[in-house]
Amino acid sequence: MQKNELVKVYISDMGNEGEGIGKSDGLTLFVKGAVKGDTVIARILKPKKTYAYAKVEEIVTPSEDRVQPSCSLFGRCGGCNMQNMSYSAQLKMKADKVKNCLMRIGGIEEERLNACSEEIIGMEVPFRYRNKAQYPVGKGKDGKICAGFYAYHSHNIINGDDCVLQKELSARLVTCVKEEMEKKGLSAYNEETGKGLVRHVLTRIGFTTHEVMVCLVINAKDLKAAADLVPALETVINEYNKETCEERLYVLKSLTLNINTENTNVILGEKIIPVYGDTFITDYIGDVKFRISPLSFFQVNPVQTVKLYGKALEYAELTGKENVWDLYCGIGTISLFLAKSAARVCGVEIVPQAIEDAKENARLNGIDNADFFVGAAEDLMSEKYKESEGKLRAEVICLDPPRKGCEESLLETVVKMQPKRVVYVSCDPATLARDVKYFEKHGYELKKYTPVDMFPQTVHVETVVYLSQLS
Ligand code: SAH
């Protein structure tokens, strides 16, 4: 196959980045913009020996799962890549992905999986679910300040602020910042030269409290003029309140500067300077309160987080007497969610600031049966186990690792602690399946699992798994 060649292909599957997959002439084609069930004319972009990257040139017969994307930037923006597929088809695809991984990588027979899988938990309204946005700022071809989203696989900024995954208020806040920058002659950062002032605008909105945070990431030590933004931002919020008539009014609680003078892809620097209000907002997951600063890790989809942790709580089967370990605890979200139903919860997390936040959040909620430790879970648990001379036990162990899953040495220690139940929350079905296989080989059995859609319109899927010790 040659570059730019046009081929007709039926799309039989979806890939990891939301691209359609089809076969032609013995080659596997990864077709950007295609949906499973489509027949398309694809233009070959990059031919390789056994596969080729391509994009849709023309849709010959659309899939019955194909829908009109809600966002005008779809296809150009690198943010979400499944908006051209109906939500019910997205959910089915995600549930299938988890099941396939557990079968192929986890080695579990289909019949058993059918018996222990619970229905994927989707959203009623799969849009405007994010509580956090980070808009890169730059200078457009017209010389004006632009802010928006990075294009697919690049750092070119697409100007446009209304992302359908964000609350509309977030778009208005960033538009307001752009306008004020123009008025005051504040420059945008240029990634190539390392010059210019404003790099990113970050917004966070408390879904329960309606507290609003705006943070400007700047390439300077300070920016006195930032205080002038307050009246403009407040006007925008007040107008939004009038239009939406929600019972609880949105309020600007925090305007901060984040200092990032490094020439790097990392968005945030370490230093926060308060400009107006506090350096944090407060929000809730269920009835647990959290303090969120621009630097805090906090789940971005609060509506689904409650459902995800609700499942984890259900699978933990707590009666109030249990000792629980929550490994990879972040700011203690799961730990604090479980603490009320357990005797004691211990959280472990590698980022020291997150553990500071976890302790603060425990205090904030009057929770006194939760302890938190800084360290790599694999090292810290192995040390604790050794110190206890092999006596360390827990009824329930909760795992919520990043994409690469758990180190095998951690799984060894977990098994040695002989928990009755292991609750594994995962953002990557492949590494989850690998780790489930380990547990199944070492005295545990997969009892139940539930996929949860935390990120509608994207290919990501979370899964909660319940593993039970064989008696
Ligand atoms: N359970 C938390 C966070 C899960 S994200 C929540 O729901 O909010 C995974 C977390 O694991 C991150 O906070 C990351 O910093 C942490 N982490 C990564 N590698 C780790 C390791 N080796 N040991 C402990 N924590 C680790």
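Numbers here are sequence positions counted from 1. Note that this is a predicted model, so its numbers are computed, not measured. As the structure lists them, so they are numbered: ligands from 1, and atoms in each ligand from 1.
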Below 3.5 Å only, please: the N or O atoms of ligand 1 paired with protein N or O atoms, distance on each line.
from: ligand 1; atom 1: 1 (N); to: Tyr328; atom 2: O; distance (Å): 3.1
from: ligand 1; atom 1: 1 (N); to: Asp400; atom 2: OD2; distance (Å): 2.8
from: ligand 1; atom 1: 7 (O); to: Gln299; atom 2: NE2; distance (Å): 3.1
from: ligand 1; atom 1: 7 (O); to: Tyr309; atom 2: OH; distance (Å): 2.0
from: ligand 1; atom 1: 7 (O); to: Asp400; atom 2: OD2; distance (Å): 3.3
from: ligand 1; atom 1: 8 (O); to: Thr333; atom 2: OG1; distance (Å): 2.8
from: ligand 1; atom 1: 13 (O); to: Glu349; atom 2: OE1; distance (Å): 2.7
from: ligand 1; atom 1: 13 (O); to: Glu349; atom 2: OE2; distance (Å): 3.4
from: ligand 1; atom 1: 15 (O); to: Glu349; atom 2: OE2; distance (Å): 2.7
from: ligand 1; atom 1: 22 (N); to: Glu378; atom 2: OE1; distance (Å): 3.2
from: ligand 1; atom 1: 22 (N); to: Glu378; atom 2: OE2; distance (Å): 3.4
from: ligand 1; atom 1: 23 (N); to: Ala377; atom 2: N; distance (Å): 2.8
from: ligand 1; atom 1: 25 (N); to: Ile350; atom 2: N; distance (Å): 3.2

>> Under the rule for side-chain contact (heavy atoms from CB on, under 4.5 Å), what residues qualify as partners of Thr305, not counting sequence neighbours?
In response: Ile285, Gln299, Tyr309, Met454
>> Once side chain to side chain donor-acceptor pair (under 3.5 Å) is applied, what residue pairs with a partner in residues 429-447 remain, sequence neighbours excluded?
In response: Arg112-Glu440, Tyr424-Asp435
> Tell me the side chain to side chain donor-acceptor pair (under 3.5 Å) pairs involving residues 256-278, sequence neighbours left out?
Replying inline: Glu234-Tyr276
Under 4.0 Å between a Lys/Arg side-chain N and an Asp/Glu carboxylate O for [X] and [Y]?
X	Y	value
Asp453	Lys94	yes
Arg128	Asp162	yes
Glu360	Arg363	yes

